[in-house]
Amino acid sequence: MVNNHQSSVTGVSRADELWQQGFDRMQRQEYPEAVRLLQQALALDRQQGAGLSLEIMLYLAEAYKLNNQLWLAADMINKACHQLAKEQNRGTAEFQLSLRMRQGEYNRAAGNIPEALEGYSQSAELYEAKDIRHRSDAYGSWLLTLACLDVTAREMQAACLGYNELFAGNRALLQSGSGCLPGRREGRKKIRLGYLSADFRQHVMFSFYYVMLQGYNRERFEVTCYSLGEKADGYTEHLKTLVDGWQDVQGKSLPELAEIIRQDGIDILVDLSGHSSGSALPVFALRPAPVQVSGLGWMESTGFSCTDYLLTDRYLEGFDGEYEQYLAEKPFYLTSQFCYTGRSDVPELAGAPCRGKGYVTFGSFNAYYKLTPEVVELWSRILQLVPESRLLLKCYAFIDGRLQRELMGRFARWGIGNERLLLEPATTGYMNRYLEVDIALDTYPYTGGGTTLDALYMGVPVISMHGERRSSRFGLSILSNAGLGMLAAASPEEYIGLATGLAHDWQLLDELHFNLRHMLQASDIMNGKKYMQELETGYENIMAKYNSRET
């Protein structure tokens, strides 16, 4: 175990021994015992003034996290960062980064958005300019967290555009990509497509990119996937059988990755992750392909000047293009940005559960950090207007009973008792739990994507609200393309009215529960053939523009 924060202690103290024992238990995955030992080490260190408390607090926060005590993990890391700010000797840059990145991660998991923003912001500043990959990850996590707040479309645009500033001090990286723009490619019989992702595995994004890899026209296109993920599974192995080429590029530097893509002769490089964790979006700065496109895995514009096009639709950007002004890229329009692949391992649809229970159950399976005070207020007002109704919430954070109690306390301030709340940790078989939900309630301003489509596929109508921000309009896009645009609200009052109105119409609810999957399957959002025709026509058009140098 390396001590990254310089200590004034010489030799091994009792606190140091307990700390090392706690670390050893963490390595053995004995997390409750690790917590106990590290708590003792911290208390003893403070008594003796041994000067190890910052290191111990870092490991104790991690032990809390691994022990599913998310609230305590966030609280401990915040205390450590507060103490760090007061010290003259703050230790190595590596140690400070460990604290700040965990401050972002643990606080976002616990729903503490301001503290998470501080951690990610500090991390992005601490990384040296040359370490662009890590700075990009930290900045992307900051953007993802910012999306939880009700900032304006203009403010979100400015934040996304700030991504370009990360490259300002890295001229060597940018220059390594200059002068490398490939020549004209119209002489080829097939267009070569490259897809970049860290999520070629069992992941929410599988439902959205699967049609791209399974349904492409092999007479007109060649497809190579560039997998950045550390994990592989059966889904990964299946995906490999669908495409012409597969490159495992996890751990490659940006110049190495760019050179691999250039050697493969990729015409159009498509990033499927945006600013999500593990993304290789910075490789766009090296221009390894003539045309560079982003889409699906990120809910806003990339803001990146090196991204040429963004996959989108008219519901996201407005039918008059009024929201295009917030894009850094050219819009790549499809009828529906998403093409959803349903699962075959889920039960057949049943009727609305309220018929058997005698009361309506609302539900949301979105992440805890999306449950802002404004969302809690909205849902509380709905519960007040639908007597005897329940609210089922399911997410990872509810492995921590303290976070469950914290959320219950927020609802209690609106007069909603614990008996009306059903809080469950995330599970692999979560799709079946939709059979207990009558109406799904979307979050705002950071709406759902996969959760919304999963709910509809399981026969559950979803009420969503939209504004000007692109990330607030995913529900509008999904519902409209599924033929359910009437469930998308433009204001809190309309949102509440739609939810309560539907809750009082049990016959309509029953019909929706029996028919929604069939409606979805017949809609544009599951029409893989149409989606691929539009996508591939778009690819051909932008390639033709490149070849004629009209871009």
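- Annotation: cation-pi pair Arg469/Tyr326 absent, no NZ/CZ under 6.0 Å from the ring centroid and within 45° of its normal.
- Taken to the nearest 0.5 Å, the CG atom of Leu228 stands 11.0 Å off from the CG atom of Leu281.
- With Phe221 as the aromatic partner, Lys190 does not meet the cation-pi criteria of under 6.0 angstrom to the ring centre and within 45 degrees of the ring axis.
- A donor-acceptor contact shorter than 3.5 Å is absent between the side chain of Asn68 and the backbone of Ile399.
- The two residues Gly448 and Thr443 come nearest to each other via the heavy atoms N-OG1, 4.1 Å.
- Formation of a donor-acceptor pair under 3.5 Å by the Glu300 side chain with backbone atoms of Ser471 is found in this model.
- Note on ring orientation: taking the six-membered ring where Trp is involved, the planes of His238 and Tyr210 are parallel (angle under 30°, cut-offs 30° and 60°).
- Taking CG of Leu146 as the start and OH of Tyr139 as the end, the distance is 8.5 Å to the nearest 0.5 Å.
- Residues His275 and Tyr163 place their aromatic rings such that the two centres sit under 6.0 Å apart.
- Put simply, CE on Met212 and CG on Leu535 are 5.0 Å apart, with the number rounded to the nearest 0.5 Å.
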Exercise for review: Decide ring-ring contact (aromatic ring centres under 6.0 Å, His included) for Tyr539 and Tyr309; before the verdict, give the C-alpha distance in whole Å, the side-chain angles of both, and the deciding distance to 0.1 Å.
Suggested key: CA-CA 10 Å; Tyr539 285 154; Tyr309 294 89; 9.7 Å; no

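- No hydrogens or angles considered: nothing links the side chains of Asp400 and Tyr368 as a donor-acceptor pair under 3.5 Å.
- In this structure, a donor-acceptor pair under 3.5 Å is present between the side chains of Asn366 and Thr451.
- For the pair Phe95 and Leu58, the minimum side-chain heavy-atom distance is below 4.5 Å.
- In terms of modelled atom types and a separation under 3.5 Å, the side chain of Asp264 and the main chain of Thr224 share no donor-acceptor contact.
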Exercise for review: Output, in order, the C-alpha distance, side-chain angles, deciding distance and verdict of side-chain contact (heavy atoms from CB on, under 4.5 Å) for Tyr546 and Asp308.
Suggested key: CA-CA 11 Å; Tyr546 172 79; Asp308 301 317; over 6 Å; no

Practice item. For side-chain hydrogen bond (donor to acceptor under 3.5 Å, both in side chains), just list the numbers for Ser301 and Glu329, CA-CA rounded to whole Å, side-chain angles, deciding distance to a tenth of an Å, and then say yes or no. Key: CA-CA 7 Å; Ser301 165; Glu329 312 87 349; 2.9 Å; yes

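- Taking the six-membered ring for Trp and the full ring otherwise, the centers of Phe365 and Tyr396 sit at least 6.0 Å from each other.
- A cation-pi arrangement is present between Lys370 and Tyr446 under the rule of less than 6.0 angstrom and at most 45 degrees off the ring axis.
- Remark: the Ser336 side chain and the Asp313 side chain contain no N/O donor-acceptor pair separated by less than 3.5 Å.
- Judged by distance alone, the side chains of Lys394 and Ser364 never bring a donor and an acceptor atom under 3.5 Å apart.
- Judged by the 6.0 Å distance and 45° axis criteria, Arg517 is positioned over the aromatic ring of Tyr457.
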Practice item. Carefully, step by step, assess Arg262 and Leu286 under the rule side-chain contact (heavy atoms from CB on, under 4.5 Å). Key: CA-CA 10 Å; Arg262 287 197 192 100; Leu286 280 69; 4.0 Å; yes

**Study point:** Criterion salt bridge (Lys or Arg N to Asp or Glu O under 4.0 Å) on Glu324 and Lys330, from CA distance to verdict
**Key:** CA-CA 8 Å; Glu324 287 183 13; Lys330 298 182 185 72; over 6 Å; no

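- Under the rule for a side-chain contact (heavy atoms from CB on, under 4.5 Å), the partners of Val211 that lie at least two apart in sequence or sit in another chain are Cys339, Tyr531, Met532.
- Taking the ring centre of Phe284 as origin, the terminal cationic atom of Arg287 falls outside the region bounded by 6.0 Å and 45° from the ring axis.
- When atom types are taken as modelled, the side chain of Asn164 and the backbone of Leu161 share a donor-acceptor pair closer than 3.5 angstrom.
- A centroid separation of 6.0 Å or more is found between the aromatic rings of Tyr209 and Tyr195.
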Exercise for review: Check the pair Gln122 / Glu118 against side-chain hydrogen bond (donor to acceptor under 3.5 Å, both in side chains), numbers first and verdict last.
Suggested key: CA-CA 6 Å; Gln122 290 290 323; Glu118 179 186 359; 5.3 Å; no

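- Among all heavy-atom pairs drawn from Asp271 and Ser294, the shortest one is OD2-OG, 2.7 Å.
- For the pair Asn112 (side chain) and Glu115 (backbone), a donor-acceptor distance under 3.5 Å is absent.
- Side chain of Asp199 to main chain of Met205: no donor-acceptor pair is present (N/O by atom type, distance under 3.5 Å, no hydrogens or angles).
- The structure places OG1 of Thr372 at 9.0 Å from CD1 of Ile113, a figure rounded to the nearest 0.5 Å.
- No cation-pi contact links Arg201 to Tyr235, judged by a cut-off of 6.0 Å to the six-membered ring centre and 45° from its axis.
- Between the side chains of Thr537 and Glu540, not a single donor N or O lies within less than 3.5 Å of an accepting N or O.
- Formation of a donor-acceptor pair under 3.5 Å by the Ser276 side chain with backbone atoms of Ser273 is found in this model.
- Of the possible donor and acceptor atoms, one in the side chain of Arg473 sits under 3.5 Å from a partner among the backbone N and O of Gly467.
- For Phe200 and Trp246, the gap between ring centers is short of 6.0 Å.
- Between Asp137 and Arg133 there is no salt bridge, since none of the side-chain N atoms of the basic residue sits less than 4.0 Å from a carboxylate O of the acidic one.
- By the 30° and 60° cut-offs, the orientation of the rings of Phe304 relative to Phe167 is parallel.
- No hydrogens or angles considered: nothing links the side chains of Gln337 and Thr312 as a donor-acceptor pair under 3.5 Å.
- Note that CG of Leu126 and CE of Met101 are 10.5 Å apart. Values are rounded to the nearest 0.5 Å.
- For Ser277, the side-chain hydrogen bond (donor to acceptor under 3.5 Å, both in side chains) criterion is met by no residue, not counting sequence neighbours.
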Exercise for review: For side-chain contact (heavy atoms from CB on, under 4.5 Å), just list the numbers for Ile260 and Lys252, CA-CA rounded to whole Å, side-chain angles, deciding distance to a tenth of an Å, and then say yes or no.
Suggested key: CA-CA 10 Å; Ile260 290 170; Lys252 299 291 185 183; 4.2 Å; yes

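- Residue pairs meeting the salt bridge (Lys or Arg N to Asp or Glu O under 4.0 Å) criterion with at least one member in residues 228-238, sequence neighbours excluded: Glu237-Lys240.
- Judged purely by atom type and a 3.5 angstrom limit, Ser98 uses its side chain to pair as donor or acceptor with the backbone of Glu94.
- Between the side chain of Gln292 and the main chain of Cys306, a donor-acceptor pair closer than 3.5 Å is present.
- Taking the six-membered ring for Trp and the full ring otherwise, the centers of Phe474 and Phe338 sit less than 6.0 Å from each other.
- A donor-acceptor pair shorter than 3.5 Å can be found between the side chains of Gln69 and Asn67.
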Review point. Does the pair Thr302 and Cys160 meet the rule for a side-chain contact (heavy atoms from CB on, under 4.5 Å), with working shown?
Key: CA-CA 6 Å; Thr302 65; Cys160 291; over 6 Å; no

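- We find the CG-CG distance between Leu84 and Leu54 to be 6.0 Å, quoted to the nearest 0.5 Å.
- Nearest heavy-atom pair, Leu269 versus Ala289, reported as atom, atom and distance to 0.1 Å: CB-CB, 3.7 Å.
- Of all heavy-atom pairs between Thr447 and Ser472, the closest is CG2-O, 3.6 Å.
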